A.B. asks: 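Pasting a structure here, questions to come.
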Number of protein chains: 2
Amino acid sequence: MNVTGHTRRPASIRDVATAAGVSYQTVSRVINGHPSVRPATRERVLAAIEELGFRRNATALALASGRTRTVTVLTANTTHYGYASILQGIEESARAASYAVGIGVLESAEDAAVAAEVQRATDAGGGIVVIAYDPAGVRALGAVPEGLPVVGVVETPASPPGGDSPWVWTDDREAAYQATRHLLSLGHETVHYVAIPSSTRRTSARTSGWRQALKEAGAPEPRPVQSSWGPAGGHAAALKLARDPSVTAILCGNDDLALGVLRALHETGRAVPGEVSVAGFDDAPHSAFLTPSLTTVRLDFTGLGRAAFALLHGALEESAPVAPHPVSVPELVVRESSGPPPSGS
Amino acid sequence: MNVTGHTRRPASIRDVATAAGVSYQTVSRVINGHPSVRPATRERVLAAIEELGFRRNATALALASGRTRTVTVLTANTTHYGYASILQGIEESARAASYAVGIGVLESAEDAAVAAEVQRATDAGGGIVVIAYDPAGVRALGAVPEGLPVVGVVETPASPPGGDSPWVWTDDREAAYQATRHLLSLGHETVHYVAIPSSTRRTSARTSGWRQALKEAGAPEPRPVQSSWGPAGGHAAALKLARDPSVTAILCGNDDLALGVLRALHETGRAVPGEVSVAGFDDAPHSAFLTPSLTTVRLDFTGLGRAAFALLHGALEESAPVAPHPVSVPELVVRESSGPPPSGS
DNA sequence: CGCATGAATGTGACCGGTCACACAAGGCGC
DNA sequence: GCGCCTTGTGTGACCGGTCACATTCATGCG
């Protein structure tokens, strides 16, 4: 029940116009800050707006102007820490720019389902951000019709990142390189790699950063172990690796994987970092509190989301500030899970 | 560059009408499945729709019909596992019902900021779901103007949950009760409780479930330790508790807290579960892989999100199926972190 | 056979804004 | 004092749909 008796239809500019004794166009001018409105008139209109509690109808605005001020985020998942952080970053920037944020979950990577989601995002108008770290995301990014404003949050840019390519990414190669070098510098003969699924057919940036560090150090290059995204994958992968006593250092494609690896090493009785060192990727919030706490590379997902929005915003409006990929550099965080290899080795 | 040369304006129903040689109204009838359209006409219209690639403009539809088919989720955070899962559940149901999902993050609990977010959500039209587990969410829920379709995902229903109260919740009381009983049944004299911040001034359901179990068992009731949401809070709280040798069982308000508690116990050299048992809440994906793996109570957040949408959907459309709070019952998951108290105790 | 009835379709107004243009009043140059 | 430009304001059409009502034509029935 409403104080005023019943819920009344919200005031439109014509209601305001009548109340202020002007035409609706004048009201429109006032709300849009048009210069040529006499101060006295402006005052009257503003008073009427205040009194009637007028708010500009977003739907009508979108229909008339053609601009939706909306960004739709397409993602395969909202619960993964990285994805959720990117979303949060996008929302933060979008809110500051008075954009609405929509979200679409790509439940399957099947073409029809992906196409349907892209359609829905397209129907919403405005811009699209696709988190393309996984097959579903990659397909979605590919399925966006040419000419639409879209930004992909990708593992690696698909072509030379010159100019205004519609992608943002973190320097995963550098991150993997740093982590691998860290482990090698502790004295490990080589570093094994448990990989997250690659979104493309090409070698992932993480893999190549790892590989480069090994090559530079003249370390043997073991086959990367392909795994999944979650702890279960890391667990399974590490159960195999643990059987090989020569394995003393494991780099994991993300912190979830590392968690599973830690668990598997514990189950097989291999001490971390005494016998085996483990490093992750992402610096998820729980990684610092694991036992042992996890050495990892911190990636600024929130910043990545902000960058994605900035890029989109620039494409959508001339006036928007075109931030040049200000994604911060990955930062190695050394914790307990990495140490020198067993001396007897 | 587009195949057709340049991006053309999408086809409207009038374009389709012209192509099919009928009036725009007939096209409208066809897309809305109105019965009285001659099959031959319908065919022609459908062919024109297909040929022109017509898609109904969501903005125009919203403006004309007044119905937005949108649900906006207001939340303080997108990265917490529980919140993110609820969001995912809402999105899932919304997608099935062809609703768009918008998201607004309540960055601060400050009144003005919360009010602004609620306004934005209101402007979007459609329904609102507020995740009201924290002060920001609770305020947002309170700030939603009377009469608007809104559903709160709350810790505890504010008033007798009879009829069609616009809230969904999990049975936290039962969950805490189960976990506490489990610990007591292992032989612990009592169970200490590290609480997440309560969203309301009243005693939280989790607290009262814990309390009831203690009372029924005739166990002494220690003061609950107020903490924060994240692992850091649990860590700090447990550092204090660890000093007291009589503490042999700790129930934590969520799994993140439990993670911090485990870490603190490790740091202070208290074995889990040898000396101290720990149980959490939520069953986050990583909890099963911790060392020791975490005994916890599984809550169906995704189902909660689905229930929230179902309730909203029912309020928004007569035809919608009104699912009666089908949130699944919390389920105790016993893992390694809980066991009998030290025998010498 | 005339008229009521219903099916099939079309017309105009409307949702709440914006945009392009018309128009009145006032200041300035000549 | 006339034209012209500028300032302030109003009018009409439009965005792409929906809704209420009008119209046409075939049909059924008394």
Side-chain angles (χ1 to χ4, degrees), chain A residues 7-46 48-49 52-70 98 100 119 122-126 317, chain B residues 7-46 48-49 52-70 98 100 119 122-126 317:
Chain A
T7 310
R8 41 162 54 82
R9 184 160 55 65
S12 75
I13 51 168
R14 323 216 180 213
D15 299 329
V16 174
T18 315
V22 295
S23 78
Y24 53 83
Q25 181 60 274
T26 300
V27 177
S28 173
R29 289 195 180 93
V30 170
I31 38 187
N32 290 303
H34 190 99
S36 59
V37 175
R38 202 185 316 165
T41 312
R42 181 188 312 277
E43 285 311 314
R44 258 188 306 147
V45 171
L46 288 175
I49 286 176
L52 298 180
F54 167 82
R55 298 218 93 214
R56 195 221 236 97
N57 180 319
T59 305
L61 174 60
L63 179 59
S65 68
R67 269 162 274 130
T68 310
R69 293 187 84 76
T70 289
S98 307
Q119 272 290 13
T122 305
D123 287 351
E317 299 177 29
Chain B
T7 310
R8 38 162 55 82
R9 184 160 53 67
S12 76
I13 54 167
R14 321 212 184 217
D15 299 329
V16 174
T18 316
V22 297
S23 78
Y24 54 82
Q25 181 60 272
T26 300
V27 176
S28 173
R29 288 196 181 93
V30 170
I31 37 187
N32 290 303
H34 189 99
S36 59
V37 174
R38 202 186 315 166
T41 313
R42 181 187 312 275
E43 285 311 315
R44 260 187 304 147
V45 172
L46 288 176
I49 286 177
L52 299 179
F54 167 82
R55 297 220 95 213
R56 193 221 238 99
N57 180 319
T59 305
L61 175 61
L63 179 59
S65 68
R67 270 161 272 133
T68 309
R69 292 186 84 75
T70 289
S98 308
Q119 273 289 14
T122 305
D123 288 351
E317 299 177 30

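The structure presented is a predicted model; accordingly, all values stated were derived computationally and were not measured. Every chain is numbered from 1 and lettered A, B, ... according to where its sequence line falls, protein lines coming before strand lines.
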A.B. asks: Each nucleotide N or O in nucleotides 23-26 of chain D that has a protein N or O under 3.5 Å away: list the pair and distance.
C.D. replies:
none

A.B. asks: Distance check, rounded to the nearest 0.5 Å: A:R69 atom CZ versus A:E317 atom CD?
C.D. replies: 5.0 Å

A.B. asks: Kindly give the heavy-atom pair with the smallest separation between B:A19 and B:A48, and that separation in Å.
C.D. replies: CB-CB, 4.0 Å

A.B. asks: Out of curiosity, B:S65 OG to B:R67 CZ, how far, rounded to the nearest 0.5 Å?
C.D. replies: 5.0 Å

A.B. asks: So, for A:F54 and A:A11, which heavy atoms are closest and what is the spacing to 0.1 Å?
C.D. replies: CD1-O, 3.2 Å

A.B. asks: Quick test of your reading: applying salt bridge (charged side-chain N to carboxylate O under 4.0 Å, His left out), list the pairs with at least one residue in residues 24-40 of chain B, sequence neighbours left out, ordered by first then second residue.
C.D. replies: none

A.B. asks: Are B:T41 and C:dT9 close enough that a side-chain N or O sits under 4.0 Å from OP1 or OP2?
C.D. replies: yes

A.B. asks: Counting only side-chain nitrogens and oxygens, does B:S23 get under 4.0 Å of the OP1 or OP2 atom of C:dG10?
C.D. replies: yes

A.B. asks: Think B:R38 has a side-chain N or O under 4.0 angstrom from the OP1 or OP2 of C:dT9?
C.D. replies: yes

A.B. asks: Return the minimal non-hydrogen interatomic distance between B:T59 and A:A62, and the atom names on each side.
C.D. replies: CG2-CB, 3.7 Å

A.B. asks: Rounded to whole Å, please give me the gap between CZ in A:R44 and C1' in D:dG10.
C.D. replies: 14 Å

A.B. asks: Taking only residues two or more places apart in sequence or in another chain, which ones pass side chain to side chain donor-acceptor pair (under 3.5 Å) with B:R44?
C.D. replies: none

A.B. asks: So if I define the base as every atom that isn't primed, P, OP1 or OP2, how would nucleotides 13-26 of chain C read as a B/S/- string at a heavy-atom cutoff under 4.0 Å?
C.D. replies: --BBBBBB------

A.B. asks: Report the residues that fulfil side chain to side chain contact (heavy atoms under 4.5 Å, CB included) with A:R55, sequence neighbours left out, ordered by chain and then residue number.
C.D. replies: B:Q119, B:D123

A.B. asks: In degrees rounded to 10°, what angle is found between the helical axes fit to the five outermost pairs at each end of the helix from C:dC1-D:dG30 to C:dC30-D:dG1?
C.D. replies: 60°

A.B. asks: Which of these passes side-chain contact (heavy atoms from CB on, under 4.5 Å) with B:R56: B:I49, B:L61, B:I13?
C.D. replies: B:L61

A.B. asks: Work out which heavy atom in B:A60 is nearest to a heavy atom in A:L63; give both atom names and the distance.
C.D. replies: CB-CD1, 3.9 Å

